[in-house]
Asks: 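Here's a structure for you.
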Amino acid sequence: MNTIDFQQKLLAWFDVCGRKDLPWQRNITPYRIWLSEIMLQQTQVITVIAYFEAFTKKFPTVDALAHAPVDEVLGLWSGLGYYARARNLHKSAQIIAEQGYFPNTLEALVALPGIGLSTAGAIMSIAFQKRQPILDGNVKRVLTRFNAISGWPGQAEVNKTLWAVSADFTPIDRVADYTQAIMDLGATLCTRSKPQCVRCPVNTACLARLTDTVAVLPTPKVSKKIPVKHVTLLLLHNAAGHVLLEKRPSLGIWGGLWSVPEFSCLQSAHDWCVINNINIVKQHTLTTKRHTFSHYHLDYTPVLMCVDDVDNCVMDTEQNLWCTVEHTRSLGLAAPIKRLLQQHFKQRE
DNA sequence: CATGCGTGGCT
DNA sequence: TAGCCAAGCAT
């Protein structure tokens with residue numbers, strides 16, 4: 001099976017089984033394709049849909065996005081994760097608005113913050129109908145299996161090979177459909193676990209299937225033990241029901257976002273009676289949450305505390321503020337903290 | 001090249 | 001269930 005056959009079989013399958021009614025597949029514009037590609041980075045389709053709808057409703061054009069305050073952009077992004085994507089999106093929108101036109105070359109696209117080779121390739125092929133390969137997780141899975149390419153795809157040598165193969169397989173005609181098709185194949189049939197090879201349009205020539213190595217491709221990265229990081233998050237509220245928030249440092253977890261104050265250094269509950277000269281009159285643990293990241297688990301115990309005589313407290317208004325749960329929605333507040341606060345105030349109602 | 005970055009789903 | 005992964009990019 002040559003590349004022409006591969007393309008034809010894949011496209012014929014796409015015409016029948018491909019996804020063609022996703023929000024960003026309607027009213028296709030470079031802006032909408034760009035936005036969808038950014039949201040879809042390391043994020044599944046089902047998660048993105050609602051965010052995409054809300055985002056495009058609020059910011060229908062690049063100009064609208066460019067002229068919005070960054071906090072408003074982060075607010076709409078809240079819960080989607082990888083918040084640098086939102087900041088880069090906003091920054092890029094301002095650059096594009098300044099230029100007066102949407103960049104339509106690979107070089108110009110890659111020059112924008114948040115756009116790498118794969119995202120640029122997707123925009124070029126889907127929005128501009130230009131022959132340009134992509135190499136996302138789906139394509140890596142399909143190509144490593146179809147060609148029985150072993151070795152962890154993150155490895156430079158393997159990565160280089162995969163880009164070359166992807167470029168070789170990418171057609172000139174119907175390049176937008178092809179790009180969508182190979183991603184659909186990876187997302188719906190050529191999945192990591194339980195791939196449905198029987199339904200695959202190119203299964204007769206798939207080298208992994210012929211050599212019975214589908215289950216071990218792509219080669220997984222050698223994993224190492226993930227350390228656990230423990231922190232304590234304080235949920236401080238005053239008599240008016242306002243919650244104390246602090247703006248987190250720009251580096252590290254939830255960088256630049258608003259969250260409840262963190263006290264990871266406290267050793268025992270007895271230490272919590274006086275914090276920032278605020279008298280704590282009551283405290284109890286709400287729940288314990290855990291999040292998994294690439295290289296560590298984050299264990300945090302949110303602690304509910306009431307404070308009295310708030311008017312006499314000295315607060316740093318530059319880095320801290322008292323705000324209501326409603327306010328948190330426009331602050332790009334880290335999603336788990338937002339949920340915690342909303343749950344807390346729901347119980348109070 | 002390794003690491004950091006979020007959240008949710010799957011096995 | 002605890003680990004792994006999902007439409008990557010920046011540093």
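Each chain gets a letter, A, B and so on, in the order its sequence line appears, and its residues count up from 1.
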Asks: Could you check whether A/Val45 gets within reach of a base, just the sugar-phosphate, or nothing at all, counting any heavy atom under 4.0 Å?
Replies: base

Asks: Nearest heavy atom decides the nucleotide; on that basis, is A/Gly114 or A/Gln25 closer to the 5' end of DNA chain C?
Replies: A/Gln25

Asks: Are A/Asn159 and A/Leu135 packed together at the side-chain level, in the sense that at least one heavy-atom pair is separated by less than 4.5 angstrom?
Replies: yes

Asks: Below the 4.0 Å mark, does C/dA10 have OP1 or OP2 next to a side-chain nitrogen or oxygen of A/Tyr82?
Replies: no

Asks: Between C/dC9 atom C1' and A/Arg87 atom CZ, what is the distance in whole Å?
Replies: 13 Å

Asks: Starting at CE of A/Met39 and ending at C1' of B/dC5, how long is that distance when rounded to a whole Å?
Replies: 17 Å

Asks: Which part of the nucleic acid, if any, lies within contact of A/Gly186, taking any heavy atom under 4.0 Å across all strands shown: a base, the sugar-phosphate backbone alone, or nothing?
Replies: nothing

Asks: Provide the closest heavy-atom pair for A/Ile134 versus A/Gly121 in the form atom of the first, atom of the second, distance.
Replies: CG2-C, 3.5 Å

Asks: Heavy atoms only, 4.0 Å cut-off, all strands: where does A/Ala156 land among base, sugar-phosphate and nothing?
Replies: sugar-phosphate

Asks: Mapping A/Gln44 and A/Arg85 onto DNA chain B by nearest heavy atom, which one lands closer to the 5' end?
Replies: A/Arg85

Asks: Establish, yes or no, whether a centroid distance under 6.0 Å links the rings of A/Phe6 and A/Phe169.
Replies: yes

Asks: Distance criterion of 3.5 Å, no angle test: do you see the side chain of A/Thr47 paired donor-to-acceptor with the base of B/dG9?
Replies: no

Asks: Indicate, with yes or no, if the rings of A/Phe52 and A/Trp24 have centres closer together than 6.0 Å.
Replies: yes

Asks: If each of A/Lys194 and A/Ala84 is mapped to the nucleotide of DNA chain B with the nearest heavy atom, which maps nearer the 5' terminus, i.e. the 5' end?
Replies: A/Ala84

Asks: With A/Ser166, which of A/Val142, A/Leu143, A/Thr179 fulfils side chain to side chain contact (heavy atoms under 4.5 Å, CB included)?
Replies: A/Leu143

Asks: Between atom CG in A/Asp184 and atom P in C/dA6, what is the gap in whole Å?
Replies: 16 Å

Asks: Give the nucleotide from the list B/dG6, B/dT11, C/dG8 with an atom nearest to the side chain of A/Ser193.
Replies: B/dT11

Asks: How close do A/Pro103 and A/Gln99 get, heavy atom to heavy atom, and via which atoms?
Replies: CD-NE2, 4.1 Å

Asks: What are the residues of residues 161-178 of chain A, sorted by number, that bring a heavy atom to within less than 4.0 Å of DNA chain C?
Replies: none

Asks: When the C1' atoms of C/dA6 and B/dC1 are compared, how many Å lie between them, rounded to an integer?
Replies: 22 Å

Asks: Check the phosphate of C/dA6 against A/Arg141, side-chain N and O only, distance under 4.0 Å to OP1 or OP2. Yes or no?
Replies: yes

Asks: With the threshold set at under 4.0 Å for non-hydrogen atoms, list the residues of residues 7-19 of chain A touching DNA chain C in residue-number order.
Replies: A/Arg19

Asks: According to a 4.5 Å side-chain heavy-atom criterion applied to Ile, Leu, Val, Met, Phe, Trp and Tyr, with indirect links allowed, do A/Val214 and A/Leu210 form part of one hydrophobic cluster?
Replies: no

Asks: Under 4.0 angstrom, heavy atoms only, what part of the nucleic acid is A/Gln180 near: base, sugar-phosphate, or nothing?
Replies: base

Asks: Is the charged tip of A/Lys9 near the ring of A/Phe14: under 6.0 Å from the six-membered ring centre and within 45° of its axis?
Replies: no

Asks: So A/Leu112, base contact, sugar-phosphate only, or nothing? Heavy-atom distance under 4.0 Å.
Replies: sugar-phosphate

Asks: Tell me the interatomic distance from A/Lys221, atom NZ, to B/dC1, atom P, rounded to whole angstroms.
Replies: 11 Å

Asks: Round to a whole Å and report the spacing from CZ of A/Arg192 to C1' of B/dG9.
Replies: 10 Å

Asks: Does C/dC9 have OP1 or OP2 sitting under 4.0 Å from an N or O in the side chain of A/Thr119?
Replies: yes

Asks: If you look at every strand shown and take non-hydrogen atoms under 4.0 Å, does A/Trp77 touch a base, only sugar-phosphate, or nothing?
Replies: nothing

Asks: Expressed in angstrom and rounded to an integer, what is the separation of A/Asn159 atom CG from C/dG8 atom C1'?
Replies: 11 Å

Asks: In whole Å, measure the gap between the P atoms of B/dG6 and C/dA2 for me.
Replies: 24 Å

Asks: Mind checking A/Ile115 for me? I need base, sugar-phosphate or nothing, with any heavy atom below 4.0 Å counting as a touch.
Replies: sugar-phosphate

Asks: Counting just side-chain N and O atoms, does A/Gln42 come under 4.0 Å of either OP1 or OP2 of C/dG8?
Replies: yes

Asks: Does any non-hydrogen side-chain atom of A/Cys17 lie less than 4.5 Å from one of A/Leu185?
Replies: no

Asks: Name all residues meeting the side chain to side chain contact (heavy atoms under 4.5 Å, CB included) criterion together with A/Thr43; count only those two or more places apart in sequence or in a different chain, and write none if there are none.
Replies: A/Thr47, A/Val48, A/Leu80, A/Arg85

Asks: Roughly, in whole Å, what's the span from CG in A/Leu109 to P in C/dC9?
Replies: 11 Å

Asks: Taking for each residue the nucleotide of DNA chain C with the nearest heavy atom, is it A/Pro113 or A/Pro220 whose nucleotide lies nearer the 5' end?
Replies: A/Pro220

Asks: Quick one: does A/Thr61's side chain have a donor or acceptor within less than 3.5 Å of a partner on A/Ala64's backbone?
Replies: yes

Asks: Once you round it to whole Å, what is the distance between C1' of C/dC9 and CD1 of A/Ile134?
Replies: 15 Å

